[in-house]
Amino acid sequence: MKKTSLIIAIVCGLSIFSCKKDDSISCTTCSSPETSDFQVCKENDGNASVNGQNTGTPYDTYISGLEQAGASCGN
């Protein structure tokens, strides 16, 4: 019984720590002939943010829209 409890505790602990990686915000720099360089970040909720303001638009959709409009985005 003790081994089972220990194994369950270890698995639960590892699953909590593995989710911590998902909490990070990743950013990329975009540039356009009409604007100076700016950062677009992928927030924890999956939306894009610019200058710290959540756009309410999914990150991939936002980046695609920028690139279709002539912006260049990359790390």
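Note that the OG atom of Ser49 and the CD atom of Gln39 stand 9.0 Å from one another [nearest 0.5 Å].
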Side-chain donor-acceptor pairs of residues 60-73 under 3.5 Å, sequence neighbours excluded:
unit_1: Ser64; atom_1: OG; unit_2: Asp60; atom_2: O; d: 3.0

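Not one N or O on the side chain of Asn51 forms a donor-acceptor pair closer than 3.5 Å with the backbone of Gln53. Judged purely by atom type and a 3.5 angstrom limit, Thr55 uses its side chain to pair as donor or acceptor with the backbone of Ala48.
In terms of heavy atoms, Cys41 sits closest to Ile25 at CB-CG2, 3.8 Å.
Residues passing the side chain to side chain contact (heavy atoms under 4.5 Å, CB included) test with Thr35 are Ser32, Phe38, sequence neighbours excluded. Checked against side chain to side chain contact (heavy atoms under 4.5 Å, CB included), Asp37 has the following partners two or more places apart in sequence or in another chain: Thr29, Ser31.
The shortest distance between side-chain heavy atoms of Pro58 and Asn47 falls below 4.5 Å.
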